[in-house]
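Reminder, nothing fancy here: chain letters follow the sequence lines and each chain counts from 1.
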Number of protein chains: 2
Amino acid sequence: MVEHARVSAVETRILAAAVRLFAEQGFDGTSVQEIVEEAEVTKGALYHYFDSKNDLLFEIYHSLLSRQLADLDRILGEGLPPREAVQALIAELLDTTTECIDEVKVYVREMHKLDQARMHAIKADRRRYHVTFREFVESAQRAGDFSTVASAETVTLLLFGMINDIPQWYRPQGPKAPSEIAAEVSAFLLAALDPALQLR
Amino acid sequence: MVEHARVSAVETRILAAAVRLFAEQGFDGTSVQEIVEEAEVTKGALYHYFDSKNDLLFEIYHSLLSRQLADLDRILGEGLPPREAVQALIAELLDTTTECIDEVKVYVREMHKLDQARMHAIKADRRRYHVTFREFVESAQRAGDFSTVASAETVTLLLFGMINDIPQWYRPQGPKAPSEIAAEVSAFLLAALDPALQLR
DNA sequence: CCCTAGAAACCGACCGGTCGGTATGTCCCT
DNA sequence: AGGGACATACCGACCGGTCGGTTTCTAGGG
């Protein structure tokens with residue numbers, strides 16, 4: 001007998017189909033009928049597990065953000081020196097982004113399609129992520145480990161801009177592996193934040 | 001008597017309404033009926049000037065890209081030293097991005113909704129922009145003006161990622177003016193590309 | 001300067017089809 | 001026998017696009 005599944009196989013298949021189609025065609029461009037055909041379930045099954053089409057979008061966001069928040073807390077909790085923490089964080093972000101490329105595409109493009117109640121829940125998570133990282137940068141700037149060439153707020157916004165745009169150009173069969181991209185992004189960001197430049 | 005208008009006022013109003021609504025609700029989330037109501041014209045007028053709803057999207061992209069390509073060519077054509085060229089270019093990009101914030105939002109989010117023929121035309125423009133900038137970076141790297149901490153290709157992708165993400169967080173009433181943001185972005189990018197770091 | 005005739009600009013009712021969501025039925029496990 | 005897990009049939013609203021018709025503009029002959 002299998003373990004009691006906390007989420008049913010049907011539920012998982014529906015979410016996987018939804019994220020694939022939303023990434024390819026957009027939220028409004030995908031009909032519920034297409035989702036149930038891709039998942040090989042019926043419409044009744046979908047509305048048994050989810051309140052609405054919008055609920056699917058929320059679940060996609062929620063699981064992605066939960067994973068990213070957990071990664072952030074874990075890495076910052078290790079107490080590494082700032083430069084190494086940044087390298088670890090970017091490596092982890094590249095892993096997540098390339099592994100969940102459809103989820104990130106949907107996250108970036110279809111955020112504004114969430115209804116107001118679900119939007120607030122997601123924005124709270126995103127804000128916590130943003131503030132946590134910004135405070136980490138501020139702290140390293142005060143300690144002299146990072147330059148203040150740009151404010152911590154701007155550095156945070158620019159970094160997430162770069163990361164979130166990756167699904168637009170990254171291709172799994174492309175010339176660069178995720179770890180190589182992570183190394184270049186880390187090198188780029190750490191060069192920009194190198195305190196030695198300011199002291200010249 | 002007014003000059004002969006090359007584009008009619010009706011045509012302009014339709015495009016302005018379309019870009020506003022596409023930015024707010026997405027392409028598929030906006031009906032043609034909503035566009036004609038916002039523009040205070042009739043459906044007949046819209047289909048007199050445009051082939052289809054998709055044609056509206058193409059016109060929005062085409063005018064934005066034409067402007068950005070012209071700006072890029074003009075600035076690189078001035079023959080400024082690389083660091084000053086980057087500053088001028090980012091200042092211009094910030095101007096365009098903050099002035100055409102709805103256009104850029106649509107550009108980033110709804111690109112994949114273009115039909116195949118129009119998509120190819122837009123991709124050709126975008127590729128030219130990308131290649132032109134990458135070759136500029138490569139050339140400055142060979143001359144020793146920019147570091148090779150990240151490849152010219154990656155620098156190009158990361159910069160446009162940062163820029164294109166700006167409409168997600170920039171607010172006209174926000175604390176920072178476009179010129180202040182441009183200064184921070186320039187400082188950040190030029191710090192990352194400073195050749196002095198490599199020589200230590 | 002006016003009249004006319006064709007072209008361009010514009011109107012809005014209408015169409016076939018698709019949408020997200022629901023109501024109700026059936027099966028099977030406990 | 002009762003309830004969770006689905007299946008099926010169906011609804012009214014709305015979609016992008018069309019089309020025959022009307023108004024407005026403009027060029028040129030008298």
Side-chain angles (χ1 to χ4, degrees), chain A residues 1-22 24-61 106 110 112-119, chain B residues 1-22 24-61 106 110 112-119:
Chain A
M1 184 203 284
V2 293
E3 305 245 325
H4 173 68
R6 281 160 51 192
V7 293
S8 78
V10 169
E11 198 174 342
T12 304
R13 283 221 311 283
I14 292 171
L15 276 176
V19 75
R20 221 194 62 70
L21 290 168
F22 289 167
E24 188 180 313
Q25 308 177 347
F27 179 75
D28 285 326
T30 302
S31 67
V32 172
Q33 195 56 45
E34 285 177 286
I35 296 171
V36 303
E37 280 165 18
E38 169 98 2
E40 294 179 283
V41 301
T42 60
K43 223 169 170 182
L46 190 149
Y47 279 94
H48 175 72
Y49 286 106
F50 300 97
D51 291 344
S52 64
K53 191 186 175 189
N54 212 293
D55 194 29
L56 288 169
L57 199 56
F58 176 78
E59 290 300 330
I60 291 165
Y61 286 0
V106 173
E110 312 289 342
H112 63 302
K113 296 265 107 186
L114 275 179
D115 58 51
Q116 223 171 3
R118 293 185 174 93
M119 176 75 95
Chain B
M1 182 204 282
V2 293
E3 306 244 325
H4 175 66
R6 281 158 54 191
V7 293
S8 78
V10 168
E11 199 174 341
T12 305
R13 283 222 309 283
I14 292 171
L15 276 176
V19 75
R20 221 194 62 70
L21 290 168
F22 289 167
E24 189 181 313
Q25 307 176 342
F27 179 74
D28 286 326
T30 302
S31 69
V32 173
Q33 195 56 45
E34 285 178 288
I35 296 172
V36 302
E37 281 164 18
E38 169 97 3
E40 295 179 286
V41 302
T42 60
K43 223 167 173 183
L46 189 149
Y47 279 95
H48 175 72
Y49 286 107
F50 300 96
D51 292 344
S52 62
K53 190 185 173 189
N54 212 292
D55 194 29
L56 287 169
L57 198 56
F58 176 77
E59 290 300 330
I60 291 166
Y61 286 0
V106 174
E110 313 288 341
H112 63 303
K113 297 264 109 187
L114 275 178
D115 59 53
Q116 223 171 2
R118 294 187 174 90
M119 176 76 95

| query | With sequence neighbours left out, what residues match A/Tyr61 under side chain to side chain donor-acceptor pair (under 3.5 Å)? | reply | none
| request: Name all residues meeting the side-chain contact (heavy atoms from CB on, under 4.5 Å) criterion together with A/Lys53; count only those two or more places apart in sequence or in a different chain, and write none if there are none. | output: A/Phe22, A/Phe27, A/Val32
| query | Excluding sequence neighbours, so at least two apart, what forms side-chain contact (heavy atoms from CB on, under 4.5 Å) with B/Thr12? | reply | B/Val7
| field | side chain to side chain donor-acceptor pair (under 3.5 Å) partners of A/Tyr49, counting only residues at least two apart | value | A/Ser8
| message | Which nucleotide wins on minimum distance to the side chain of B/Tyr47, given the candidates D/dA5, D/dG17, C/dG20? | response | D/dG17
| Taking CG from A/Asp28 and P from C/dC19, how many angstroms apart are they, rounded to a whole number? | 12 Å
Short heteroatom pairs, N/O only, protein and nucleotides 7-11 of chain D, under 3.5 Å:
residue	atom	partner	partner atom	Å
D/dA7	OP2	A/Thr42	N	3.2
D/dA7	OP2	A/Thr42	OG1	2.4
D/dA7	O5'	A/Thr42	OG1	3.4

| said: How many whole angstroms separate atom CD of B/Gln33 from atom C1' of C/dG12? | reply: 9 Å
| note | Across all chains, not counting sequence neighbours, the ring pair (Phe, Tyr, Trp, His ring centres under 6.0 Å) partners of A/Tyr47 are none
Which donor-acceptor pairs under 3.5 Å do the side chains of residues 38-45 of chain B make with protein atoms, sequence neighbours left out?
residue	atom	partner	partner atom	Å
B/Glu38	OE2	B/Arg20	NE	2.7
B/Thr42	OG1	B/Ala45	N	3.4

Contacts under 3.5 Å, N or O only, protein and nucleotides 1-3 of chain D:
none

| query | OP1 or OP2 of C/dC10 sitting under 4.0 Å from any side-chain N/O of B/His48? | reply | no
| task | Quick one: list whatever passes side-chain contact (heavy atoms from CB on, under 4.5 Å) with A/Glu34, sequence neighbours left out. | result | A/Leu21, A/Gln25, A/Thr30, A/Ser31
| task | Hey, could you give me the CG/CD distance between A/Leu57 and A/Glu110, rounded to the nearest 0.5 Å? | result | 7.0 Å
| said: Test of understanding: with side chain to side chain donor-acceptor pair (under 3.5 Å), list the residues that count as partners of A/Asn54, not counting sequence neighbours. | reply: none
| Just by protein heavy atoms under 4.0 Å, how would nucleotides 24-30 of chain C read 5' to 3' in B, S and -? | -------
